[in-house]
Visitor: 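Mind looking over this structure? Questions follow.
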Protein chains: 2
Amino acid sequence: MLTTPKVAVDVIVFTVREETLQVLLVQLKTPPYAGLWAFPGGSVPHGESTEVAATRYLFETTGVKDVYLEQLYTFSNPRRDPHGHVVSVAYVALVNRARMSLRVPGKCDNIDWFPVTTPPTLAYDHAEMLEYALQRLRWKLEYTNIVYSLLPRDFTLTELQRVYETILDRPLDKRNFRKKMLSLGMLHATPRMVKVGAHRPARLYRFRHRTPMIIEVL
Amino acid sequence: MLTTPKVAVDVIVFTVREETLQVLLVQLKTPPYAGLWAFPGGSVPHGESTEVAATRYLFETTGVKDVYLEQLYTFSNPRRDPHGHVVSVAYVALVNRARMSLRVPGKCDNIDWFPVTTPPTLAYDHAEMLEYALQRLRWKLEYTNIVYSLLPRDFTLTELQRVYETILDRPLDKRNFRKKMLSLGMLHATPRMVKVGAHRPARLYRFRHRTPMIIEVL
DNA sequence: TCAAAAGTGTTGCATTTACACCCATGA
DNA sequence: TCATGGGTGTAAATGCAACACTTTTGA
């Protein structure tokens with residue numbers, strides 16, 4: 001009998017693909033949740049911080065590092081895991097949609113992206129985690145620059161707007177959006193234009209800082 | 001050798017007294033931090049959620065329950081506690097200034113309130129926790145009704161304004177403050193007036209809900 | 001020349017800020 | 001009647017929301 005709960009982390013990895021907000025899930029293969037899906041994650045060994053553990057699990061499944069990773073909340077209900085009392089520190093990561101080679105963790109059967117609106121049945125209390133993570137993501141999108149972590153280095157304002165619209169799940173006014181983004185001073189116009197299709201080329205922009213910041217008025 | 005870190009909670013209890021924001025601290029009596037001060041808290045046994053543990057430690061030191069208690073952040077640096085790896089889930093509680101009988105926990109030498117601006121030397125990473133808690137408190141004060149937990153059931157608008165000014169550490173305009181508070185519809189004017197001193201009596205108000213809510217526009 | 005996406009300003013409305021005097025009471 | 005804190009309104013500035021047409025390109 002343990003005298004303290006076990007400690008674990010779960011990483012809720014979001015990306016935007018094909019104008020859909022998607023979340024990364026692994027398929028469990030051991031009872032009682034065999035066949036169900038869950039967030040990547042696992043136990044935190046003695047001596048490792050939860051940040052480091054979350055970064056490690058993120059890397060093991062996606063091969064990415066240096067993306068936005070934020071602690072979300074700690075879930076500690078003693079019955080959240082039927083195996084025993086596991087306190088899980090949940091993290092949210094935002095990764096961009098570039099092709100990445102997913103790796104199936106040993107203890108899982110599969111790994112894949114799912115639209116957040118239509119996820120498969122989730123194990124543990126992961127449905128609750130997902131809901132909370134979405135809420136926080138939408139909330140923080142409005143007053144921080146964290147969207148940088150979902151986009152490639154260079155992007156057009158229309159692409160940026162699509163990402164906002166996808167996550168917030170509502171249309172935004174083009175002129176107001178551009179005015180706002182540019183006036184915040186967090187973007188940097190490059191001299192390059194992107195020419196695709198039979199229409200006017202779009203200017204490429206970059207984030208001035210690819211590191212999380214609260215948006216201040218200029 | 002443990003395979004998982006220990007789990008603990010720390011409770012950062014704030015109150016407002018004599019126009020000062022104060023925090024509850026206990027004095028440690030065991031090395032290596034003997035004599036230093038820390039937040040009430042302790043380990044989380046197997047089978048107890050961190051919320052329940054935080055509520056318990058709050059009750060053991062202050063005798064209060066049913067106050068605003070919110071999870072703040074989980075601190076997990078393996079070297080934050082020299083005794084070994086302890087993951088601490090920090091909570092913030094807000095209690096009102098009414099006389100309460102503090103109880104010294106067995107493993108401590110003393111317990112007392114300190115102004116947040118001039119705390120004694122803090123053990124562990126508690127200085128960092130305090131800073132973060134203050135930030136969150138100030139932030140949430142602006143868009144939630146959590147201040148209810150710092151006030152008695154009935155209070156005057158001037159008392160309410162003093163609490164805001166104390167926590168935000170800046171003066172607020174009396175007319176704008178009252179207009180804002182009343183227009184938000186979270187207050188309820190009682191028919192009672194308070195008569196103290198040689199001046200016009202002040203009306204007493206109550207919170208419509210003594211439960212945390214995000215402030216919505218009416 | 002047509003289709004398709006990029007790009008651009010102005011106006012009205014709502015919210016926030018700044019600011020000064022009268023009121024009710026007890027001593 | 002004086003000192004003390006309670007209580008009230010208006011005007012200016014700022015920020016946010018709504019809204020439509022011109023530009024550039026490739027086919």
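Chain A is the first sequence line, chain B the second, and so forth, proteins listed ahead of strands; every chain is numbered from 1. All heavy atoms count here, side chains included; hydrogens, waters and symmetry mates do not.
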Visitor: For L187(A) and dG7(C), what is the distance between atoms CG and C1' respectively, to the nearest whole Å?
Guide: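 Interatomic distance, CG of L187(A) to C1' of dG7(C): 15 Å.
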Visitor: Using the side chain to side chain contact (heavy atoms under 4.5 Å, CB included) criterion, which residues pair with M193(B)? Sequence neighbours excluded.
Guide: P201(B), R203(B)
Visitor: How is K179(A) classified with respect to the nucleic acid when contacts are heavy atoms under 4.0 Å: base, sugar-phosphate, or nothing?
Guide: base
Visitor: Check side chain to side chain contact (heavy atoms under 4.5 Å, CB included) between D169(B) and all other residues, then give those that pass, not counting sequence neighbours.
Guide: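 With neighbours one apart ignored, the set is empty.
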Visitor: Please compare D173(A) and G197(A) by the position of their nearest nucleotide in DNA chain D and report the one closer to 5'.
Guide: D173(A)
Visitor: In this structure, how many angstroms lie between the C1' atom of dC16(D) and the CG atom of L184(A), rounded?
Guide: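 In whole Å, dC16(D) C1' and L184(A) CG are 13 Å from each other.
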Visitor: Could you state the NZ-P distance from K195(B) to dA24(C), rounded to the nearest angstrom?
Guide: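 Those two atoms, NZ and P, are 14 Å apart.
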Visitor: E51(B): which residues meet the side chain to side chain contact (heavy atoms under 4.5 Å, CB included) condition with it, sequence neighbours left out?
Guide: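 E51(B) satisfies side chain to side chain contact (heavy atoms under 4.5 Å, CB included) with Y73(A), S76(A), S49(B), Q71(B), Y91(B) only.
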Visitor: What are the atom names and distances for every N/O pair under 3.5 Å that joins the protein to nucleotides 1-8 of chain D?
Guide:
from   : atom 1 : to      : atom 2 : distance (Å)
dT4(D) : O2     : A198(B) : O      : 2.9
dG6(D) : OP1    : T158(B) : OG1    : 3.1
dG6(D) : OP2    : T158(B) : OG1    : 3.1
dG6(D) : O3'    : P201(B) : O      : 3.4
dG6(D) : N7     : K174(B) : NZ     : 3.4
dG7(D) : OP1    : R203(B) : N      : 2.8
dG7(D) : OP2    : R178(B) : NH2    : 2.5
dG7(D) : O5'    : R178(B) : NH2    : 3.2
dG7(D) : N7     : K174(B) : NZ     : 2.6
dG7(D) : O6     : K174(B) : NZ     : 3.2

Visitor: Determine which pairs satisfy side chain to side chain donor-acceptor pair (under 3.5 Å) with at least one residue from residues 152-168 of chain A, sequence neighbours left out, and list them in order.
Guide: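 Those involving residues 152-168 of chain A are D154(A)-R206(A), Q161(A)-E165(A), R162(A)-E165(A).
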Visitor: Go through the structure and list residues passing side chain to side chain contact (heavy atoms under 4.5 Å, CB included) with A8(A), not counting sequence neighbours.
Guide: V86(A)
Visitor: What is the distance, rounded to the nearest whole Å, between atom CE of M181(A) and atom P of dG15(D)?
Guide: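 One finds 16 Å between P of dG15(D) and CE of M181(A), rounded.
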Visitor: Between E142(A) and R138(A), does any NZ, NE, NH1 or NH2 come within less than 4.0 Å of an OD or OE carboxylate oxygen?
Guide: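 No salt bridge links R138(A) with E142(A).
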Visitor: I need the CG-P distance between N176(B) and dA20(C), as an integer number of Å.
Guide: 13 Å
